[in-house]
Amino acid sequence: MGKTIKLISGDGEMFEVEEAVAFQSNIIKSLADEDNADDCIPLPRVDSQILSKVLEFCRKHANSPSVHTKFAAIPSELCPKHDGSAAGASSSESSSAHSETCRACYDAVMKLVQWDLEFVKVDLDLIHHLLKAANYLDIEDLMFMAVEGAANAIRGNNPEEIRKLFDLENDFTPEEEKEILKEYSWLDDPFEP
Amino acid sequence: MDAVLCDELVQEILRRLPSADAASVSLVSKRWLFLLRSSTTSLSLSVPPNLPNSPSLSSILAHYSFLSELTVVSNRKEEEEAEGGADDLLFAIASAACSRRLTRLRFIPAAPVSPSALQSSATAFASLTSLQIASLFPLSFCWLSSLPFLKRFSLVRSRPKRRLTQEPFPDNDDSGGKNPIVMLPMESLSLSGIYATDRGVSWLWRRCGNLRWLQLRACEGTGECASSLAFPLCLPGLLGLELRTCRSIADRILLLAADRCRDLTSLLLYDGGSRDALHHFIQRRGAALHTLDLRLPLDLHNDHLFAIAVENGYNSDRLRRHWLSSLRLHSCCLVTGDGLRSLALSPAGAAIEELALVNCDVVERESGLLTFLSQSMQRLRRLDLSHNETLTDKEVGSMLASCRNLVEIRLKGCRALTGDSLNFLLKHLGKQVQLLDISRCPAIGNEAIEKFATNASRLCQLIIEEDKLTEAARAWVSRKAIKIA
C-alpha cells in the first residue's frame, strides 16, 4: 500500500485514499506538495456525496491509461499483462512498441471506456455536480466524461427539454424566438459540400 | 439546487455538440445563446430570398464577433442582377465587427461583385489571407493590391447566361510604365471561366511573381492578346500546376510550362491535354516531378507511363530528391497492365509512395495486376482504388498480402467488396493502417466494420457513413479520437 492522503469534504466527512487515486486531481496534488505538517486536505466546496463519486472515478482511473492517451503512449507499467516487468521499459521506444501490439492494453482501455460511459449515465443533477467538482479539482478525465455526459443530455433534444434538464428559465419573448429561428434558417449545414 | 455552471463550462459542453443541435441550444436561454455565438469562429450562411421582416446579413453578423472564417452564399438571383446587390452584401460583411479578424472569406453571391466594391472594402479585411469569390464584373484585379496579406485567391466564375459586354478599364493598362510593378504576396491562385477575349488579366499575370500554385478551371483562354503574352510571367516560380477542363489551352500551357517551370514538382491535368503535349512535358520536366495526377480518358497511353519511367527513373545524381512519389490516375481506360507494370518495375516506380487507380478498369480487367504492383512498389504507403465497381475481395486480399508499408487505403464506391476485404486488411495490415475509406460500399456489413475499427490498432481516420457504425464501434471511435467523415 502506498502513501495515503486524507481529504475532508465540505460537510466534514473524512476520506482516506491512496496517493495515486488522489493525485488524479491536479489541485490535490499541488496542495499535497506544499509542506503541510498536517496531512489533511480540506475541500470545502465538495460535499461528501459528490466526493465519494469523484473518488470512485479516480480509483478506477488510478492505474489505467488516460482516456486521452493515444495507444502509442501507454507506458508498460500500466499494462495489466506486463505487470511491472521492466524488460527494457526504460526507453520510451520500447514502451510504445509494447503498447501497439499488446492486446491486453486494448482490452483494458475498451473496458474502461465502457465503464466511463456507464458512470455518466446518471441524472443531470449529479453530472452538474461532477462537472463543477472536476473543474474545481482539475481532474482531466472526469472533466472530459462529465462534459460528455452533459452533451449527451443535450443531443437531439428540443429547447424545452434542455431547459428542464438544466433547470433554466426561458427568458425569450415569442418575438425573440421567432427572430432566432429566422436567423437559423440562414445557417448552413457545414457538412454539405 | 445550485446548478449554475460558469461560462467556460457551458462553452465546453456546447463545443462538444454537433452543429445540428445549434438551433435548439440557441433557444434555451439568452445566456446560452450568447455563449454559443461568442464561441463560434467559423460560420457558413445561405442568404434566403428577401421576405418582409426577414433579418439582414448585418444583423446576423453582428452577433458573431469572433469569426475567423466566413462563408456567405446567396441565391437571390433576380434582385442582385438588377440592383448590384452583391456589392451591398459585401459591404454588409465589411462593416461587421468580425471583418477585421477574418482570415478566410468565401463570398458566393448570385450575381457578380464589382471591383470597386472590393477596392472600398479592402481596408476592412485587414487580416484576410484567403479569399474566394464567385464572379467579378468587370474583370479587374487591381483591388488585390489593397489586401496585403492575401496568400490565396480563387475566382469561381460560372459562365454568365448572356455575354455581358466588357467595359474597358484604364487601370488594367500598364503601358505607362511609370509605376514599378509591385508583386502581390499571393502564392496560390485559382481562376475559372477566363475567356480568350478577357481583358484585365494581364495586370494580374504581371504581378504573380510569388506564385507557387496555379489552378485554371474551365478556361477557354488566358485573356486577350496582351494578357496571353503576360501569362508566362507567372510560371517561373510555380511548384504546382493544375489544369482542369481547359481543353483549348492545355497544350499551349503545357508547352510553356515545359520550358519555364524549372521548379515544378506537381502537375494535375484533367479532361484536356493532348497526347503529344503531355509527352513533351514529361520529357522536359518529368525528372523533377513528384506528384502527377491525371484524368485523361482519351489521351493517356502506355507510352506516357514508359516516358515517366525513363525520365524520372534516370538518375545520374544520387543525391537528387525528386522522385515521383505520387501518381494518381483517374478513368484512364487506354492504359493497360503493360504500362503499369513497366512503370512499377522501374526505379521511378519503386519510389512511388502514393498510387491512385480510380475508376481505372485495368484494375478489374487484369487479374493479378494489383498484386504485381504492390510487390514491385515496395514503398507504397497510400493506395486509392475508389470507384472500381467490380473489384473483388479476392483481388484486394491477394494485393494486401504483399503490401508491407501501406498506411492509407481508399475503397470508396467499390460496390462489390464485402466484409472479407476488411478481414484481409486486418489480417495483413491491422497493425499499421491509419486511414480507411469504405464509404459507398453497401455490401460491407456493420459487424465487419465494428470488428475492423476496434482491432486496427493504429487507425486514425475512418471514412464511412455514420449509420454504419454500431454503438460499440461509436464508443471506441470517440475514445480513440478516430475521425469519422
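Just so we're on the same page: letters track the sequence lines, and every chain starts at 1. A quick note: this is a predicted structure, and the numbers were derived from the prediction, not measured.
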*Take A/H128 and A/F166, measure what ring pair (Phe, Tyr, Trp, His ring centres under 6.0 Å) needs, and give me the verdict at the end.*
CA-CA 8 Å; A/H128 252 134; A/F166 284 83; 5.5 Å; yes

*Give the ring-plane orientation class for A/F57 versus A/F119, where under 30° counts as parallel, over 60° as perpendicular and anything between as tilted.*
tilted

*asked:* Under a 4.5 Å cutoff for heavy-atom pairs, which residue among A/E160, A/E161, A/E176, A/E179 has the most contacts with chain B?
replied: A/E176

_Keeping A/N157 on the side-chain end and A/A153 on the backbone end, is there a donor-acceptor pair under 3.5 Å?_
yes

*Go through the atoms of A/N152 and report whether side chain, backbone, both or neither lie under 4.5 Å from a heavy atom of chain B.*
neither

*Is it the backbone or the side chain of A/I180 that comes under 4.5 Å from a heavy atom of chain B, or both, or neither?*
side chain

*Quick one: do the B/Y270 and B/T245 side chains pair a donor with an acceptor below 3.5 Å?*
no

_Quick check on B/L33 against chain A: is it the side chain, the backbone, both or neither that has a heavy atom closer than 4.5 Å?_
side chain

*Any chance the side chains of A/H61 and A/D116 put a donor and an acceptor closer than 3.5 Å?*
yes

_Nearest heavy atoms of A/I127 and A/A150, plus distance in Å_ = CG2-N, 3.9 Å

*Pick one of side chain, backbone, both or neither for A/E169, based on which atoms fall under 4.5 Å of a heavy atom in chain B.*
backbone

*Highest number of heavy-atom pairs under 4.5 Å with chain A: which of B/S46, B/S59, B/A22?*
B/S46

*Heavy-atom proximity to chain B below 4.5 Å, by part of A/D171*: both

*Check each atom of A/L168 against the heavy atoms of chain B and say whether the ones under 4.5 Å are side chain, backbone, both or neither.*
side chain

*Is chain A contacted by the side chain of B/T40, its backbone, both, or neither, given a heavy-atom distance below 4.5 Å?*
neither

_Under 4.5 Å from a heavy atom of chain A, the part of B/L45 involved_ = both

*Pair A/Q49-A/H129, side-chain donor/acceptor within less than 3.5 Å*: no

